[in-house]
Engineer: 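This is the structure I have questions about; it appears just below.
Not measured: the values here are computed from a predicted model. Labels below follow one simple rule: chain letters A, B, ... track the order of the sequence lines, proteins then strands, and each chain is numbered from 1.
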Protein chains: 2
Amino acid sequence: MKTTIYQVAQEAGVSISTVSKVINDTGRISEETRKKVKKVMKELNYQPSVVASALTGKQTKVIGLLIADISNPFYAEVARQIENRSRERGFHVMMCSTDNEEEKEKNYLSLLTRQRIDGLIVASAFHNTDVLAKVIQNQKYPVVMIASDIPKLPIHSVRVDDYQGSYLAASHLVQLGHKRIAIIAENIRSNHQRVTGYKDVLGEYDLPLLEEYMVQTEATNEKGYEAAKQLLSLENRPTAIFAGNDLLATGIIKAAKGLNLDVPKQLSVVGFDNTILSTVLTPALTTVAQPIREMGSKVVDLLIEEMEQPSKYKQRLLFTPELIVRESTASWDRK
Amino acid sequence: MKTTIYQVAQEAGVSISTVSKVINDTGRISEETRKKVKKVMKELNYQPSVVASALTGKQTKVIGLLIADISNPFYAEVARQIENRSRERGFHVMMCSTDNEEEKEKNYLSLLTRQRIDGLIVASAFHNTDVLAKVIQNQKYPVVMIASDIPKLPIHSVRVDDYQGSYLAASHLVQLGHKRIAIIAENIRSNHQRVTGYKDVLGEYDLPLLEEYMVQTEATNEKGYEAAKQLLSLENRPTAIFAGNDLLATGIIKAAKGLNLDVPKQLSVVGFDNTILSTVLTPALTTVAQPIREMGSKVVDLLIEEMEQPSKYKQRLLFTPELIVRESTASWDRK
DNA sequence: TTGAAAGCGCTAACAT
DNA sequence: ATGTTAGCGCTTTCAA
């Protein structure tokens, strides 16, 4: 049925250890036997079993990826970059969508551990940090984070400078003359940072920080829609809304349309992530871009480095965000 | 370091085979020892190694997924549904984006085989069907397809009725009074069917089939944009364009805007897939919906069935498409 | 009801 | 330069 190393050895008239050596390019083998063995492997269409070799302590060549939601365009893009880079480095990716729910996070974590992954990339909330902390303590495999971070855990992380990104976005709005700026964000760490940036900007410009202008909700366009509808029906409604991500911004623009408010004339909207949605929307969305490609590639490299040689200190990489001004923001002159 | 079955056995004062039996719920074990063993497993935080058990011939609990592009919203949605259902059934998903390129398809196939997956779900073109045919012949694991099909291969497949879907879409346009209807589609099997449906409708209504109205290109909004720009600069330009998928439709609408053509007044556009893009676009896109959730769930069930009990005949399931009329299509009165 | 032992396919000393 | 052999952690007869 399945060809094993024994059959190759027999057919080639050598021992299995010789075959093993030519497979892994270890030890010293004469050019002659190497060729013969390789030839037989071809003929028999032999594929070494990763399972068997993993059992002897070698790598499984599988990286686990815990990601919030693969059907969210931002995460899909992140996942794709991670997959690309992993493949270049000879690894596979096992993807798990957690919806940022603790139950799923736990569940997947335990399943992945059983599977003997070589490393784990996390792009999920882990509101309960203990769950992840345990995995790190166990040290069965290295863990790195992307697009999020947990300061109190000793872990490499790669993300955009959320604070700076939101600082750019909020400043942009203020400089356009907006004074009543609301924010709709998600309850995850990256978004908390974005809220902080927003608050700081408003503070610097002596603009009032209204509780009712700060909404926390889930990252779907429906939720963005609802939150925006509520904000826009306020007596003193905002003239600009900063969204924690493009998906929310999408919902906001929809809500504005539903209320017959012109974007950007009557309402400016800024998003975050620069996903495909931002270019597709009408008006095209002003948003904060993250260098997803570089980040995805880097996080894989960091993980593999860590597998080869655990570092004593942890890197927290902050990539630089860029404000992409499109059509959804305009100046606000009225008093 | 890692707890093994031996340590559990020792701690519980039984043999490893006894432990194995309580893990797998096989053989006859007294309630008493079962409890004791379970207790020890908890205490030692024992996680059976899937790798070791796979080596003895059991399942790896991993399903491979060969998908065109996980960052395309349609495939992302498909992937998410497959992941959800797989998880419910106790399986993991190893995702591989192929971009419909033969090299990547081959490459991933060989890697997945080494990894000893239990089954494979394919949502990739396989223009070279031999590559996939070989995998099926080898019978190392069952293979099923989703959102595509290869008629000449003995394989379960789950897809929407592409012909009917495009028939609906094209009829809709004809009934709105359009006579100059173009189509931009991708070079994959599902899209070929969609083109056929389009042709048949035009034929039935005695509308001319112009070569220049049929464009084949890749599934990105950029390509859709380019193709549309070309179509719309034709002397006798189409009054409606049917897109093989929403991503292409997105590009078409953008092109129309660039040329200052009003959609739908001066140009009607129909998409396919009913992804998030179709609701986000302005005007909202008339498109053909696929029951992705059901399809994803079904394909996983089919695969698992096949793992348990290979069937002698193959099922080709056609789900019913639904035309969702939104704002991008309007009647055409002018002669 | 339980345990001993062979074996899954491979790697890595250790011999030769 | 090549082969022998002892595991890796688990499942599964077969005995007891």
Side-chain angles (χ1 to χ4, degrees), chain A residues 1-41 44-62 111 113-118 138 140-141, chain B residues 1-38 40-41 44-62 110-111 113-118 138 140-141:
Chain A
M1 174 107 201
K2 171 128 173 48
T3 355
T4 72
I5 197 170
Y6 288 98
Q7 319 190 20
V8 175
Q10 180 151 42
E11 193 68 23
V14 297
S15 76
I16 59 164
S17 61
T18 300
V19 177
S20 174
K21 279 164 195 155
V22 350
I23 293 171
N24 301 294
D25 230 5
T26 56
R28 18 196 88 271
I29 300 291
S30 75
E31 221 13 76
E32 197 186 358
T33 38
R34 176 188 311 285
K35 268 193 186 133
K36 186 169 49 179
V37 171
K38 288 216 169 185
K39 181 158 154 283
V40 174
M41 295 200 303
L44 271 53
N45 189 28
Y46 168 67
Q47 313 256 69
S49 154
V50 176
V51 168
S53 104
L55 191 57
T56 73
K58 302 207 84 172
Q59 292 184 319
T60 54
K61 290 295 176 185
V62 175
L111 290 175
T113 303
R114 263 191 181 56
Q115 292 281 354
R116 270 242 11 226
I117 52 177
D118 291 338
N138 285 345
K140 293 198 181 139
Y141 45 79
Chain B
M1 174 106 200
K2 173 127 174 47
T3 358
T4 72
I5 197 171
Y6 288 98
Q7 319 189 21
V8 175
Q10 180 151 42
E11 193 70 22
V14 296
S15 75
I16 59 164
S17 59
T18 301
V19 177
S20 174
K21 279 164 196 155
V22 349
I23 293 170
N24 301 294
D25 231 4
T26 55
R28 16 196 89 271
I29 300 292
S30 75
E31 225 8 80
E32 198 183 359
T33 38
R34 175 187 311 284
K35 267 193 188 135
K36 188 169 48 180
V37 170
K38 289 217 169 184
V40 174
M41 296 201 301
L44 270 52
N45 188 29
Y46 169 67
Q47 312 255 71
S49 154
V50 176
V51 169
S53 102
L55 191 56
T56 72
K58 302 204 88 173
Q59 293 184 319
T60 54
K61 290 295 176 184
V62 175
S110 133
L111 290 174
T113 304
R114 266 189 179 56
Q115 291 281 353
R116 270 243 8 227
I117 53 177
D118 290 338
N138 284 345
K140 293 198 181 138
Y141 45 79

Engineer: Rounded to the nearest angstrom, tell me the gap between atom CD1 in Ile16(A) and atom C1' in dC14(C).
Structural biologist: 14 Å
Engineer: What are the bounds, 5' to 3', of the part of DNA chain D that sits under 4.0 Å from heavy atoms of chain B?
Structural biologist: dG9(D) to dT12(D)
Engineer: Would you say that more than 12 heavy atoms from the other residues, nucleotides or ligands in this model lie under 6.0 Å from the NZ of Lys38(A), or not?
Structural biologist: no
Engineer: Take the protein atom CD1 of Ile23(A) and the nucleotide atom C1' of dA12(C), then report the distance between them rounded to whole Å.
Structural biologist: 14 Å
Engineer: Answer with yes or no whether the side chains of Ser20(A) and Ser17(A) bring together a donor and an acceptor at under 3.5 Å.
Structural biologist: no
Engineer: State the OH-CG distance between Tyr141(A) and Asp118(A), to the nearest 0.5 angstrom.
Structural biologist: 11.0 Å
Engineer: Go through the N and O atoms of the side chain of Ser17(B) and the base of dG3(C), and report whether any donor-acceptor pair is under 3.5 Å.
Structural biologist: yes
Engineer: Between Arg34(B) and Ala52(B), which has a closest nucleotide on DNA chain C that is more 5'?
Structural biologist: Arg34(B)
Engineer: Roughly, in whole Å, what's the span from CD in Gln47(A) to P in dC10(C)?
Structural biologist: 11 Å
Engineer: Arg28(B) has an atom CZ; how far is it from atom P of dG3(C), in whole Å?
Structural biologist: 16 Å
Engineer: Whole angstrom is fine here: how far is it from NZ in Lys61(A) over to C1' in dT11(C)?
Structural biologist: 15 Å
Engineer: Nearest whole Å is fine: how far is dA13(C) P from Lys21(A) NZ?
Structural biologist: 11 Å
Engineer: Assign Thr4(B) to base, sugar-phosphate, or nothing according to its heavy-atom contacts below 4.0 angstrom with the strands shown.
Structural biologist: sugar-phosphate
Engineer: Using OP1 and OP2 only, check whether a side-chain N or O of Thr33(B) sits under 4.0 Å from dT2(C).
Structural biologist: yes
Engineer: OP1 or OP2 of dT2(C) versus the side-chain N and O atoms of Ser30(B): is any pair under 4.0 Å?
Structural biologist: yes
Engineer: Got a donor-acceptor contact below 3.5 angstrom from the Thr60(A) side chain to the Arg116(A) backbone?
Structural biologist: yes
Engineer: What is the distance from CD of Gln10(B) to P of dA4(C), rounded to the nearest Å?
Structural biologist: 13 Å
Engineer: Over all strands shown, is Val14(A) touching base, sugar-phosphate only, or nothing at heavy-atom distances under 4.0 angstrom?
Structural biologist: sugar-phosphate
Engineer: Side chains of Ser110(B) and Thr113(B): is there a donor and an acceptor less than 3.5 Å apart?
Structural biologist: no
Engineer: Listed by chain and number, what are the side chain to side chain donor-acceptor pair (under 3.5 Å) partners of Asp25(A), not counting sequence neighbours?
Structural biologist: Arg34(A)
Engineer: Please determine whether any donor N or O and acceptor N or O are separated by less than 3.5 Å between the side chain of Tyr6(A) and the base of dC10(C).
Structural biologist: yes
Engineer: Under 4.0 Å between a side-chain N or O of Ser15(B) and OP1 or OP2 of dT2(C)?
Structural biologist: no
Engineer: Quick one: are Gln47(B) and Thr3(B) in side-chain contact, heavy atoms under 4.5 Å?
Structural biologist: no
Engineer: Roughly, in whole Å, what's the span from CD in Glu31(B) to P in dT1(C)?
Structural biologist: 10 Å
